[in-house]
Amino acid sequence: GTRYDAGSDLWIANRDGTDPRLLFEHVVANQLVRYPKWGVDGSLYAIVQEIETTSGITSVVYTLQQFDADTGARTTVLRDVLAYALSPDGARIAYARFARETGEAFESMALAGGPTETLVAASEKLAPFASPQYAPDGKTIAFASADQTKAPVILRPGRRSLGAPWGPDGDGLPQDIWTIPAEGGRPTLVSDLKEDLPALTWNGDGTKLYVLAVAGMYEVDLKNGATTRIGEGAFHGQILWVRE
């Protein structure tokens, strides 16, 4: 009708972009399907973002859902999930979860169910979490986040990251790249990037991270700690290392 609708859908296509197929079409106005990932069983996972009104109060709800790759049928895995990663063996999930009472925390759990393990508590002031990714061996998780005890600054035009000027206006805290043992431990700062919503991916052997953000594309060498700008950036882009 006349109602504004900025919703998004879930598509599948061949690697070269041919033969696109609509798997799931959003069912309510402004419903978004975000961050799709393949599971090892051939199903798809994605965060479904939609507006919900309860007792006259309107809020945005983020739900991690699993989609059947043939029918598009979906089931709920977790609520209040803002970003997530699937372990290489498909057994576990690491995710950023938002609680209105305490804030954003980074957690993990077995996909089959069981207890939740807190990797980074909300009280540690390391948030928001973006683009978590398991290393190829599943032993380490990398993610982008902002240390709010040191960088409580909203990005503004003219800020610089590794000498590169910002393009579009930033819309969040300047984020760095961190790693943490998948079984728990202290997070380690591996790249002092100060970027806007960086997306990251591991290389094939787990020795490097590649990061796509507003001011550039970067290579983070985890052996020597060097961060190198290797290309142009993209506003809210995504990046994926393809394993042959």
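As the structure is a computational prediction, the values presented were derived from the model and not from experiment.
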Between Asp176 and Lys194, does at least one N-O distance fall below 4.0 Å, as a salt bridge requires?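 Here Asp176 pairs with Lys194 in a salt bridge, since their nearest N and O are under 4.0 Å apart.
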Are any of the side-chain nitrogens in Asp19 or Arg21 under 4.0 Å away from the carboxylate oxygens of its partner? no
Examine distances only and state if a side-chain atom of [X] and a backbone atom of [Y] form a donor-acceptor pair shorter than 3.5 Å.
| X | Y | answer |
| --- | --- | --- |
| Thr76 | Gln65 | no |
| Glu104 | Phe129 | yes |
| Arg92 | Gly138 | no |
| Asn14 | Asp16 | no |
| Asp5 | Asn30 | yes |
| Thr140 | Pro181 | no |

How close do [X] and [Y] get, heavy atom to heavy atom, and via which atoms?
| X | Y | result |
| --- | --- | --- |
| Ala91 | Ser87 | N-OG, 3.2 Å |
| Ala69 | Leu23 | O-CD1, 3.5 Å |
| Pro88 | Pro136 | CG-O, 3.5 Å |
| Pro198 | Ala130 | O-CB, 4.2 Å |
| Ala127 | Gln148 | O-NE2, 2.8 Å |
| Leu173 | Ala146 | CB-CB, 3.6 Å |

When rounded to the nearest 0.5 angstrom, what distance separates [atom1] in [X] from [atom2] in [Y]?
| X | Y | atom1 | atom2 | result |
| --- | --- | --- | --- | --- |
| Ile239 | Ser131 | CD1 | OG | 9.0 Å |
| Thr63 | Asp80 | OG1 | CG | 7.5 Å |
| His236 | Leu197 | NE2 | CG | 4.0 Å |
| Arg97 | Met109 | CZ | CE | 8.0 Å |

Checking Ile93 against Leu64 for the side-chain contact (heavy atoms from CB on, under 4.5 Å) test, could you report, in this order, the C-alpha distance in whole Å, the side-chain angles of both residues, the deciding distance, and whether it holds? CA-CA 11 Å; Ile93 179 174; Leu64 178 62; 3.0 Å; yes
Under the rule for ring pair (Phe, Tyr, Trp, His ring centres under 6.0 Å), what residues qualify as partners of Phe98, not counting sequence neighbours?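 With sequence neighbours excluded, Phe98 shows a ring pair (Phe, Tyr, Trp, His ring centres under 6.0 Å) to no residue whatsoever.
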Is there a path of hydrophobic side-chain contacts, each under 4.5 Å between heavy atoms of I/L/V/M/F/W/Y residues, joining [Y] to [X]?
| X | Y | result |
| --- | --- | --- |
| Ile177 | Trp241 | no |
| Leu86 | Val81 | yes |
| Trp202 | Phe143 | no |
| Leu200 | Val242 | no |
| Leu82 | Leu78 | yes |

Side-chain contact test, heavy atoms from C-beta onward, threshold under 4.5 Å: evaluate it for [X] versus [Y] and give yes or no.
| X | Y | result |
| --- | --- | --- |
| Tyr218 | Ser191 | no |
| Leu32 | His26 | no |
| Val33 | Phe24 | yes |
| Leu212 | Gln238 | no |
| Thr58 | Thr53 | yes |
| Trp178 | Val120 | no |
| Ile230 | Tyr210 | yes |

Please tabulate, for side-chain N and O atoms in residues 40-51, each donor-acceptor pair with protein atoms closer than 3.5 Å (sequence neighbours left out).
from, atom 1, to, atom 2, distance (Å)
Asp41, OD1, Ser43, N, 3.0
Asp41, OD1, Ser43, OG, 2.7
Asp41, OD2, Ser43, OG, 3.4
Ser43, OG, Gln66, NE2, 2.9
Tyr45, OH, Gln66, NE2, 3.0
Gln49, OE1, Arg34, NH1, 3.0
Glu50, OE1, Gln31, NE2, 2.7

Pair listing, salt bridge (charged side-chain N to carboxylate O under 4.0 Å, His left out) test, anchored in residues 121-134, at least two apart: Glu124-Arg186
Between Gln175 and Leu193, is a side-chain contact (heavy atoms from CB on, under 4.5 Å) present by the stated rule, with each step listed? CA-CA 7 Å; Gln175 294 182 319; Leu193 203 58; over 6 Å; no
Can you tell me if Glu183 has over 12 outside heavy atoms packed within less than 6.0 Å of its CD?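 At most 12 heavy atoms, drawn from other residues, nucleotides or ligands, come within 6.0 Å of this atom.
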